[in-house]
Amino acid sequence: MKNYMFLLILLSIAFGIICGVFFPKEMISISWIGQLFINLLKLIVLPLIFCALVSAITSMGGMKKLGSIGIFTLCYVLLSVSVAVTIGLILLNTFKPGVGIAPSLILANASPVDLKPVPFSSYLLSLFPPNIVEAAVKYEIMPIVFFSIVFAIACVSVGKTANPVIDFFVGLRDVLIRMIIWLMYLTPLGLFSLLGTAVAEASLQHLLLQSLKGMLLFICIFLFGLFLQILWQALLISLLARKNPRQFLSSASNALLTAFATSSSMATLPVTMMVAKNEGISDDVARFVLPLATTINLAGTAMYEAVSALFFCQILGFDLSIPAQIGVFITAILAGMGATGIPEGGLITMVMVLRNVNVPTSAIGLLLPFDRILDRFRTMTNVWGDLVCAGVVDHFHHQQNTDHDAK
Ligand code: ASP
């Protein structure tokens, strides 16, 4: 069944691209199919995150165990996003793709109306909203993640009387997982429509053709940076988790293709969880690490934030000092986390990084025509990072348990 599904997915990608090129108008007219697929995935994501985190944390019982998985995950996430941003900054400082591009390209760009600057304090406040239901309605993922973790820890500390509450969420999680399995049968149809529409839009607008040399160089550098990010993590999975990176990559391909098609690591989470299961990553680890990593481990996005900010500075002729670049480093990581795995979330949170280096928000307009395609690549990198994170944490967790049993 798995092989048929994989074949169907490949066919749907091929047909999607062919139809997008030859029948663009028809493909755009059926774009609602792709939208429907994304809606169905997103419909499950919020309750899934809540139930997955609550059942994962409570099933671990002992706070000590949760502590070590949590610490491993956080250390990994910090390492992964820091390396990603550093790769981006080194590449941009070396190749300087922005030098020579007319600043008017930024200054003349109409400012995108809906991209309002977000002060850092408001960003922090948004993580702890007064009304969690309202946050859920607005599809704000980070507050839900914080709330789920604290809620689950409270359930564990209350003890016996909280058992019915825990049982309810564990049951709900299983029901949601069953719905995901059903939904996966629709993947080929969803991919066909999503990719077909994207190709059709690009071919109708001829936008990519108007690009400048520097712009193309910037895109190539960014994609190269993502490639390096994928590569060092593949090395890590082989050296630390002792898994065959090729085989890990081929199991991950389902999730990576879904990430590419949906541009959302959140929407891909159900598939990512299935891949982790197939890769033998323990349920305890996968259910805790993956929802958390999907929310905060957006290394591809953090790299995008940093390289874009530096690129704009180069265009405008701003010479960024080392402390200013450290500022970019920190805000890029936070902006990556704020993007929370939604399509083009990184483009919106980029405002935070740009404000930090005094680049006008309208600069984002320069990236808009390319962002949809770049988003697909950084989403793939994000999802790959989440799976590697789960693989590495699972390895350490397993080793820790074995050491513990040996004593
Ligand atoms: N679309 C990305 C993700 O879902 C976030 C972003 O970079 O905009 O991981």
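We count ligands from 1, going down the list as the structure has it; atoms in each ligand are counted the same way. We use all heavy atoms of the structure for the numbers below, so side chains are in, but hydrogens, waters and symmetry mates are not.
When each atom of ligand 1 is checked for a heavy atom of Thr301 under 4.0 Å away, the hits are 5 (C), 6 (C), 7 (O). The distance from ligand 1 to the heavy atoms of Ser263 drops below 4.0 Å at these ligand atoms: 1 (N), 4 (O). With ligand atoms numbered from 1 in the order given, ligand 1 contributes 1 (N), 2 (C), 6 (C), 7 (O), 8 (O) to contacts under 4.0 Å with heavy atoms of Asp375. Atoms of ligand 1 found under 4.0 Å from any heavy atom of Arg378, numbered from 1 in the order shown, are 6 (C), 7 (O), 8 (O). Remark: ligand 1 atoms within the under-4.0 Å shell around heavy atoms of Ser265 are 3 (C), 4 (O), 9 (O).
Considering only residues two or more places apart in sequence or on other chains, Thr73 meets the side chain to side chain donor-acceptor pair (under 3.5 Å) condition with none of them. Residues passing the side chain to side chain donor-acceptor pair (under 3.5 Å) test with Thr379, sequence neighbours excluded: Asp375.
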* Asked: Given the rule in the side chain to side chain contact (heavy atoms under 4.5 Å, CB included) test, do Trp232 and Leu228 qualify, once you have shown the distances and angles that lead to the verdict?
  -> CA-CA 6 Å; Trp232 79 260; Leu228 291 181; 5.6 Å; no
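Using cut-offs of 30° and 60° for the angle between ring planes, the Phe151 and Phe50 rings count as tilted.
Here's the thing with Leu298: none of its N/O atoms is less than 3.5 angstrom from an N/O atom of ligand 1.
A salt bridge does not link Asp371 with Arg376: none of the charged nitrogens is closer than 4.0 Å to a carboxylate oxygen.
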